[in-house]
Engineer: 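Here it is, the structure, as structure tokens.
By convention in this document, chain letters (A, B, ...) are assigned in the order of the sequence lines, proteins followed by strands, and residues within each chain are numbered from 1. The shown structure was predicted, so the numbers you read here are calculated from the model rather than taken from an experiment.
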There are 2 protein chains.
Amino acid sequence: MATLETISSVDTSPRHPIRLVANRTGLTVDLIRAWEKRYHVVEPARSDTKRRLYSDYDIERLRLIRIAKQNGRRLVDVAPLTLEALRDVVSEDSRYEVSQDVQAEIYRPSWTSPLESSESADDIDALLFSVQTMDQHRFDQLLQEGLVKQSLPAFLQTVIGPLLAEIGESTRLGKMRIAHEHMATAHLRTFIGALRFRETYTGNEPKIVITTPTGQLHELGALMVAALVSVDGWLPVYLGPNTPADEIAACAMQSGARAVSLSLTYPADDPRIPTELTRLRSQLESNIPVFVGGSAASHHHELINRLGLLSPKSLDDLRHSLNMLRDNRFQGIA
Amino acid sequence: MATLETISSVDTSPRHPIRLVANRTGLTVDLIRAWEKRYHVVEPARSDTKRRLYSDYDIERLRLIRIAKQNGRRLVDVAPLTLEALRDVVSEDSRYEVSQDVQAEIYRPSWTSPLESSESADDIDALLFSVQTMDQHRFDQLLQEGLVKQSLPAFLQTVIGPLLAEIGESTRLGKMRIAHEHMATAHLRTFIGALRFRETYTGNEPKIVITTPTGQLHELGALMVAALVSVDGWLPVYLGPNTPADEIAACAMQSGARAVSLSLTYPADDPRIPTELTRLRSQLESNIPVFVGGSAASHHHELINRLGLLSPKSLDDLRHSLNMLRDNRFQGIA
DNA sequence: GCAAGTTTGTCCTAGTTTTGTCCAGATAAA
DNA sequence: TTTATCTGGACAAAACTAGGACAAACTTGC
């Protein structure tokens, strides 16, 4: 369908005015012109009155260059790259940009500062403000803008995660109304849910069942995982919250999943959790790893170890493990 | 079917004076005339005394052009486009503001008639089959295709509604696994949630608070309502499920909503419902109507009448009432 | 570690195009 | 009568263009 087309081959016909390009890329018009003047980053066509007319291809280039810059690349270095080379650079960077420990291990010149934490903090403040004022349109706009500024994994970890924590905390302390929390949660449910459809699927992706066990009604963490792994070439089989262990196992079997990921948040000490996790582990084939994440996972540390489940320390850690699993599998087949 | 026509068809017969057009579109009368003078953006019919008479079609065009301008389009570029092309452009642009999993390239007028029931039945069977086989991709594909075939309101009523009922029934009878129901529900949550972002907003829309009361955890009905009313020029303030009456009232006040809509499904006889509805009605200003729908609404018929709440018999009935409310409001201003 | 050079975002001026607002006098509607 | 709309034109604000200046941040050389 058109969806596939737009993603895989980018339209090169010039038609967008500079203002729209600025809106979509998050760059200023001055900057877009300056980049053109100095490095010929893009060379837009012109209207009969000399107005710049950009193509979708140009916009995608600018968007990627912006992200590359955010990741610490220098403009001189990335300006001459083709779209494909740019994509490679950006996806390469996204693997390291947020993870501090990984960052220390590999060589990174001093200019490769990841996204300023202050900048993310500003974004989160703006998002919180739009929730307080019930400005839905602004909220959606900010989410979309945040996604333009950085790659999806970085966005989830530096903005969405902290935002959720902040909203939960504010509501608990009475600084925010329940109605505000509800509105924000409902919007985020739709927003995050749609993220995984941004990726294109070939049908060959390994599958991973993602859900929360019985009693765990909060699904946003699980949904974030679904969006995240889709970036790395997994096909999430997302079951929503509150799924009994038997059903998770049956689903993993029917879909031929290679892994299962659970999210535990609240209530942290639900007595059903040990039962459910034990049942799940016993019903699943032993070569299918079960990842247990979320804020409440640490409450069940001992159980998780005893059952041989995996408890990634961060979303990045989870990504890393899944990448290993995926690549091992490909080796095993070849 | 007379009801449907009156509600949803975009009338091409000219009858609105320029003042009303200005109010509905958020443009000034001078600007509307200037656009006509310079670019023939719309060419309204004239009364026998040369007064401009605009049709609903014209208003829709102007609304879309205003939004296209906000997105950074130039007037010269969008002025000559047909309504369909304009829809495409606006929808393409807004895709970058609000991410969606639904990307219908084909514009479906909101006034297309519903499909023959047999055809819908086939669609539903195909959807059910894709759920049973856990074929997520097929499921999404069928949903999108179904939406292309008919208008959004018709699609919700002839496909999504029956599909939800069927899935619920099949699971209850054990014909379908809980895992299947979960997968379908999670997908539908994302799909329906994204539907209201297909519409374009000018900022002048009257608002309606949509949610379910405390104890009612199923949100898909409420979400359908949100998608539905957005087609008719309302801005839904969607709060998700399980919202306490106090919070609904506070939210309605803060957002300046003109109406509230609640959905009741399960459990039908929750003892909290009477309390919550009574609280809500007493805390809301009396000129804000409260609509109560969903399969469980009939269980509370007497209560609803006593409190002076409104219980539309169908989604169409709800739309009709809201259209009346919206237009009364416009008269009140003019 | 400091100084000199480079890179990069922002801003300025001045001229052009595009777009929004306003006015005047005439006609029609309330 | 008062208010709303009409036409045609004037005017001004906003947006865009080209070229260049400038300062902050960063890199490099010593």
Engineer: Of all the choices, C:dT18, C:dG20, D:dC16, which nucleotide is nearest to the side chain of A:T49 once you look at every atom?
Structural biologist: C:dT18
Engineer: Is there a side-chain contact between B:P289 and B:L310 in this structure, where contact means two heavy atoms from C-beta onward sitting under 4.5 Å apart?
Structural biologist: yes
Engineer: Which part of the nucleic acid, if any, lies within contact of B:V29, taking any heavy atom under 4.0 Å across all strands shown: a base, the sugar-phosphate backbone alone, or nothing?
Structural biologist: nothing
Engineer: Looking at side-chain heavy atoms only, is the closest gap between A:L128 and A:E166 below 4.5 Å?
Structural biologist: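 Answer yes - side chains close enough.
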Engineer: Side chain of A:K37, base of D:dG20: donor and acceptor closer than 3.5 Å?
Structural biologist: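 For A:K37, whose side chain was compared with the base of D:dG20, there is a donor-acceptor pair (under 3.5 Å).
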Engineer: Identify whether any heavy atom of A:R52 sits under 4.0 Å from a base atom; if not, whether one sits that close to sugar-phosphate; answer base, sugar-phosphate or nothing.
Structural biologist: sugar-phosphate
Engineer: How about B:L62 and B:L27: do any of their side-chain heavy atoms sit closer than 4.5 Å?
Structural biologist: yes
Engineer: From CG of B:L75 over to P of C:dG20, roughly how many Å is that when rounded to an integer?
Structural biologist: 6 Å
Engineer: In whole angstroms, how far is the P atom of C:dA30 from the CZ atom of B:R19?
Structural biologist: 15 Å
Engineer: Looking only at the side chain of B:R51 (C-beta and beyond, no hydrogens), which of the listed nucleotides D:dT17, C:dC11, C:dT27 gets closest?
Structural biologist: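 Nearest to the side chain of B:R51 among the choices is C:dT27.
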Engineer: Rounding to an integer number of Å, can you tell me how far A:I18 CD1 sits from D:dA14 P?
Structural biologist: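 A:I18 atom CD1 is separated from D:dA14 atom P by 19 Å.
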Engineer: When the distance from CH2 of B:W35 to P of C:dG20 is rounded to whole Å, what number comes out?
Structural biologist: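 Checked: the CH2 to P distance equals 6 Å.
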Engineer: Test for a donor-acceptor pair under 3.5 Å between the base of D:dG8 and the side chain of B:R33, counting only N and O atoms.
Structural biologist: no
Engineer: Answer yes or no: is there a donor N or O on one side and an acceptor on the other, between the side chain of A:S170 and the main chain of A:I167, under 3.5 Å?
Structural biologist: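 Such a contact is absent between A:S170 side chain and A:I167 backbone.
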Engineer: How long is the line joining CD1 of A:I32 and P of C:dG9, in whole Å?
Structural biologist: 12 Å
Engineer: Among D:dA4, C:dT10, C:dT18, find the nucleotide with the atom closest to the side chain of A:T28.
Structural biologist: C:dT10
Engineer: Provide, to the nearest angstrom, the distance between the CD1 atom belonging to B:I65 and the C1' atom belonging to C:dG20.
Structural biologist: 15 Å
Engineer: OP1 or OP2 of C:dT8 less than 4.0 angstrom from a side-chain nitrogen or oxygen of A:Y39, does that happen here?
Structural biologist: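 For A:Y39, the contact criterion (side-chain N or O under 4.0 Å from OP1 or OP2 of C:dT8) is met.
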Engineer: Compare the minimum distances between each of D:dT17, C:dG20, C:dT8 and the side chain of B:L31, then state the nucleotide with the smallest one.
Structural biologist: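 Nucleotide nearest to B:L31's side chain: C:dG20.
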Engineer: Between C1' on C:dG9 and CD on A:E36, what's the gap in Å once rounded to a whole number?
Structural biologist: 16 Å
Engineer: Take the protein atom NZ of A:K69 and the nucleotide atom C1' of D:dC26, then report the distance between them rounded to whole Å.
Structural biologist: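 To the nearest whole Å, that distance equals 11 Å.
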Engineer: Classify A:R38 by what it touches in the nucleic acid, base, sugar-phosphate, or nothing, heavy-atom distance under 4.0 Å.
Structural biologist: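 Counting heavy atoms under 4.0 Å across all strands, the contact made by A:R38 includes a base.
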Engineer: Do the side chains of B:S321 and B:L325 get nearer than 4.5 Å, heavy atoms only?
Structural biologist: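 Answer no - side chains too far apart.
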Engineer: Regarding B:S47, tell me which of base, sugar-phosphate or nothing describes its non-hydrogen contacts under 4.0 Å with the strands shown.
Structural biologist: nothing
Engineer: On DNA chain D, does the nearest nucleotide to B:R46 precede the nearest nucleotide to B:R74 from the 5' side, or the other way round? Give the residue.
Structural biologist: B:R46
